[in-house]
Amino acid sequence: MKKEYQEILKKAGIRPSIQRIAIYSFLCENPIHPDVETVYNDLYPVYPTLSKTTVYNTLKLFEENHIVQSIKIEDDKIRFDADMSNHFHFKCTSCGKIFDFFDEKKADKNYTNCVSILPKNFSLEKYQANMWGTCNNCTK
């Protein structure tokens, strides 16, 4: 699996250092939409030379090279998602978990609708559909 992540980084034009591979593999293998703090806290015991600054800079590099996306679903945190497919995010206001929902046709239609309302000479660079409510575990 690490070899696969290394190849993804290379294809994105990113030098695949041990720390970068570890951060990218963490995002791919833990689709919990972590913030910088979570990535750092989970990886630091295994990689004691890792710093929060390295995690932050690496995640921004990944985003700039379109292999992760940042999610602004909270006022005080930026979270990251390695799934670059068109999908929706749902944050449970009770337990705080963030869920992915996949419906490509609806996601594509929402994107198309957003593009269609833009005035002439505007271009859409990033699109996210975020929802808030209570998850099925919290409504029981």
Do Ile23 and Phe62 come close enough that some side-chain heavy atom pair is under 4.5 Å? yes
Could you report the tightest heavy-atom contact between Ile67 and Ala12, atom names first, then the distance? CG2-CB, 3.7 Å
Hey, is the main chain of Thr134 close enough, under 3.5 Å, to the side chain of Thr139 for a donor-acceptor pair? no
So, taking the atom named SG in Cys92 and the one named CG in Asn136, what distance separates them when rounded to the nearest 0.5 Å? 9.0 Å
Hey, does Ile98 have a side-chain heavy atom less than 4.5 Å from the side chain of Ile32? no
Is the backbone N or O of Asp83 less than 3.5 Å from a side-chain atom of Asp81, with the two atoms forming a donor-acceptor pair by type? yes
Same cluster or not: are Phe88 and Phe102 linked, directly or through other Ile, Leu, Val, Met, Phe, Trp or Tyr residues, by side-chain heavy atoms under 4.5 angstrom apart? no
When you check the side-chain N and O atoms of Thr49 and Gln19, is any donor under 3.5 Å from an acceptor? yes
With a 4.5 Å limit on heavy-atom distance, are the side chains of Lys91 and Met131 in contact? no
So if you build clusters from Ile, Leu, Val, Met, Phe, Trp, Tyr with side-chain heavy-atom gaps below 4.5 Å, do Ile117 and Phe122 land together? no
Which atom names give the shortest non-hydrogen contact between His33 and His89, and what distance separates them? NE2-CD2, 3.4 Å
Quick check for you: to the nearest 0.5 Å, what is the distance between Ser85 atom OG and Gln69 atom CD? 8.0 Å
Interatomic distance, CG@Asn57 vs NZ@Lys60, rounded to 0.5 Å, equals 10.0 Å
Of all heavy-atom pairs linking Val68 and Ala82, the shortest is CG1-CA, 4.0 Å
Are Leu43 and Val55 close enough that some pair of their side-chain heavy atoms sits under 4.5 Å apart? no
How long is the straight-line distance from CD of Glu7 back to CD1 of Ile21, given to the nearest 0.5 Å? 9.5 Å
With a 4.5 Å cut-off on side-chain heavy-atom distances among I, L, V, M, F, W and Y, is there a chain of contacts connecting Ile71 to Ile78? no
With side-chain contact (heavy atoms from CB on, under 4.5 Å) as the criterion, how do Leu59 and Leu27 come out once you've worked through the C-alpha distance, each side chain's angles and the decisive distance to 0.1 Å? CA-CA 10 Å; Leu59 291 169; Leu27 288 174; 3.5 Å; yes
When hydrophobic residues are tied together by side-chain contacts of less than 4.5 Å, even through go-betweens, does Ile14 share a cluster with Met84? no
Between Glu74 and Lys72, the two heavy atoms sitting closest are O-NZ, 3.1 Å
Is the closest side-chain heavy-atom distance between Ile73 and Trp132 below 4.5 Å? yes
Heavy-atom closest pair, residues Cys135 and Cys95: SG-SG, 3.9 Å
Heavy-atom donor-acceptor pair, Arg20 side chain to Leu9 backbone, under 3.5 Å: no
Step through the shown structure and confirm whether more than 12 heavy atoms of other residues, nucleotides or ligands are within 6.0 Å of OH on Tyr56. no
Please examine the side chains of Phe80 and Val36, heavy atoms only from C-beta on, and report whether any two atoms are closer than 4.5 Å. yes
Do you see a donor-acceptor pair shorter than 3.5 Å between the side chains of Asp35 and Thr38? yes
Please report the shortest heavy-atom distance between Ser70 and Glu63, naming the atom on each side. OG-OE2, 2.6 Å
Take atom CZ of Phe101 as the centre, draw a 6.0 Å sphere, and report whether it contains more than 12 heavy atoms from other residues, nucleotides or ligands. yes
When you measure from the side chain of Thr54 to the backbone N and O of Leu50, does any donor-acceptor pair fall under 3.5 Å? no
Regarding Glu29 and Tyr5, is there a side-chain donor-to-acceptor distance under 3.5 Å anywhere? yes
One should read off an interatomic distance between Ser51 OG and Tyr44 OH, to the nearest 0.5 angstrom, of 10.5 Å
